[in-house]
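Contents: one structure, followed by commentary.
First listed ligand is number 1; within each ligand, the first listed atom is number 1.
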Amino acid sequence: MKKHNFYAGPSILPQSAIDETISALKDFAGTGISLASISHRSKEFDAVMNDAVAMFKELLDIPEGYSVLFLGGGASTQFAMIPFNLMRKKALYVNTGTWATKAIKEAKMFGEVIEIKGDDFFSIPKGYDIPEDADYVHITTNNTIYGTEYHEDLDINVPLIADMSSDIFSRKVDISKYALIYGGAQKNLAPSGVTFVIVRQDVLGKVEHKIPTMLNYQTHIDKNSMFNTPPVISVFTALQTLKWVKANGGVEGMNKRNNEKASAMYNEIDRNKLFKGTVAKEDRSIMNVCFVMNEEYKDFEAEFLEFATSKGMVGIKGHRSVGGFRASLYNALDIESVNALIAVMKEFESKH
Ligand SMILES: *Cc1c(COP(=O)(O)O)cnc(C)c1O
């Protein structure tokens, strides 16, 4: 039976990216050596790194003055690296859930954090003041666990930093509005192990304290992400994913695809008597669709999960901190999988 992969991360990747990786693990670029055992200093891997950077720049239309880095440590290391490199006195953080909360915890070690937070995480806070002397504003554009998402780039006067772990390449972004964008690759790009950072060079070098070499962005800019051994396999797969994105209409193509999938899912959640959405409509994520069972059907939650699993649906259990269900509709997921899940929801409705 076909498995429909709705995991939140690590998550679905284009089949072509998986196939190319398997093939390179056997024989990388005609070298007769596995991608898993070739030197990152070889000219063959150097080309992969350069191509991956070039594809990032092309697909996201990254202006001059920005560097693209591939680092280790996950998005979680960025939570500390950002304030370490950029915070002199204070920064504003919009707290939209678990990941932002973790970022705030790290930032507080480096200075004052002005935290903007709503009553709950089912909508995105709006209409707050930003102090002109803040070093930066930090947002999480897509909240993987709660299923809220910014649908437009903020237009503000202080450097804007965004965790785009779970929506990079899902829609067109005006990079020039951001000072720094980062994310773990394991949601929309590659297997876990690599973290991307897009940074405008002019925001660096302004803090007075020393920064350990590996945690200093400048180190990685100067060495083209090869100061130490990069996550070779993940960078290779990321490049294959980006080639697939390009072949499928670029980020505009992805956005069209993602909007179709998300509308189909939300329409069914709103229509089906068993289910309801959890997020304010204007902030609904097109990447992670969260929903629960209506009060009177709450007892059927486990049964629905079992039924859906028996039909090939994988990974639709909601995050342990939220409960209910979450269907992650990352770029590589086909509309067929969404249609299959909707059919399962309809069938379950007709039985109750
Ligand atoms: C998954 C996720 C993270 C954590 O990424 P790691 O690479 O595991 O550190 C951070 N932010 C967001 C928005 C995420 O979805």
Side-chain angles (χ1 to χ4, degrees), residues 5-13 69-84 91 93-107 115-117 121-125 136-151 153-154 160-171 173 178 180-199 214-215 220 225 230-231 233-235 237-238 241 258 262 279 283-290 315-322 326-333:
N5 184 352
F6 294 97
Y7 273 127
S11 38
I12 189 164
L13 292 170
L69 307 174
F70 294 107
L71 309 176
S76 300
T77 299
Q78 295 306 308
F79 296 162
M81 225 166 132
I82 287 161
F84 213 157
Y93 277 69
V94 184
N95 191 345
T96 44
T98 311
W99 298 116
T101 304
K102 291 185 175 182
I104 290 167
K105 175 170 179 252
E106 301 303 303
E115 182 177 344
I116 304 296
K117 193 170 175 243
F121 292 136
F122 299 119
S123 65
I124 289 177
Y136 61 83
V137 167
H138 179 284
I139 61 171
T140 314
T141 48
N142 183 66
N143 298 289
T144 325
I145 292 174
Y146 290 89
T148 62
E149 187 176 18
Y150 287 80
H151 297 296
D153 303 308
L154 292 186
L160 177 61
I161 296 185
D163 176 352
M164 293 197 188
S165 292
S166 52
D167 63 349
I168 191 76
F169 294 106
S170 72
R171 69 171 174 97
V173 168
Y178 298 84
L180 191 151
I181 295 170
Y182 68 98
Q186 68 275 20
K187 311 282 161 61
N188 230 352
L189 200 55
S192 61
V194 67
T195 311
F196 64 86
V197 177
I198 303 165
V199 56
M214 270 300 283
L215 298 183
H220 303 289
S225 302
I233 299 173
S234 296
V235 172
T237 310
T241 300
N258 294 329
V279 164
D283 295 331
R284 283 174 160 182
S285 168
I286 62 167
M287 295 275 91
N288 309 98
V289 176
C290 293
I316 60 162
K317 197 173 184 339
H319 188 272
R320 59 191 182 280
S321 61
V322 187
R326 169 176 56 177
S328 296
L329 314 180
Y330 296 121
N331 285 345
L333 188 85

Is there side-chain contact between Ser166 and Asn188, with heavy atoms separated by less than 4.5 Å? no
Heavy atom to atom 10 (C) of ligand 1, shortest distance: which of Thr195, Ile168, Asp163 holds it? Asp163
Tell me which part of Thr140 gets within contact of ligand 1: side chain, backbone, both or neither, using heavy atoms under 4.0 Å. side chain
As an exercise, identify every atom of ligand 1 less than 4.0 angstrom from a heavy atom of Gly74. 7 (O), 9 (O)
Go through ligand 1 atom by atom and flag the ones less than 4.0 Å from a non-hydrogen atom of Gln186. 5 (O), 6 (P), 7 (O), 8 (O)
Do the rings of Phe79 and Trp99 sit parallel, tilted or perpendicular, given the 30° and 60° boundaries? tilted
If you look at every heavy atom in Ser321 and Ile145, which pair is closest and at what distance? OG-CG2, 3.6 Å
Nearest protein heavy atom with distance in Å, relative to atom 5 (O) of ligand 1: Ala75 CB, 3.5 Å
Under a 4.5 Å cut-off applied to non-hydrogen side-chain atoms, are Leu71 and Phe196 in contact? no
Using heavy atoms and a threshold below 4.0 Å, how should the contact between Tyr182 and ligand 1 be classified: side chain, backbone, both, or neither? neither
Residue, atom and distance of the protein heavy atom nearest atom 9 (O) of ligand 1 read Ser76 OG, 2.6 Å
What orientation do Tyr93 and Tyr136 show, parallel under 30°, tilted 30 to 60°, or perpendicular over 60°? perpendicular
Among all the protein's non-hydrogen atoms, which is closest to atom 4 (C) of ligand 1, and how far away is it? Trp99 CZ3, 3.5 Å
Pair Asp283, Ser123: side-chain N/O donor-acceptor within cut-off below 3.5 Å: no
Taking only non-hydrogen atoms of Asn142 and a 4.0 Å limit, the atoms of ligand 1 in range are 13 (C)
What distance separates Phe122 CZ from Asn143 CG, expressed to the nearest 0.5 Å? 11.5 Å
Measuring from atom 14 (C) of ligand 1, which candidate in Gln78, Lys187, Met164, Lys102 has the nearest non-hydrogen atom? Lys187
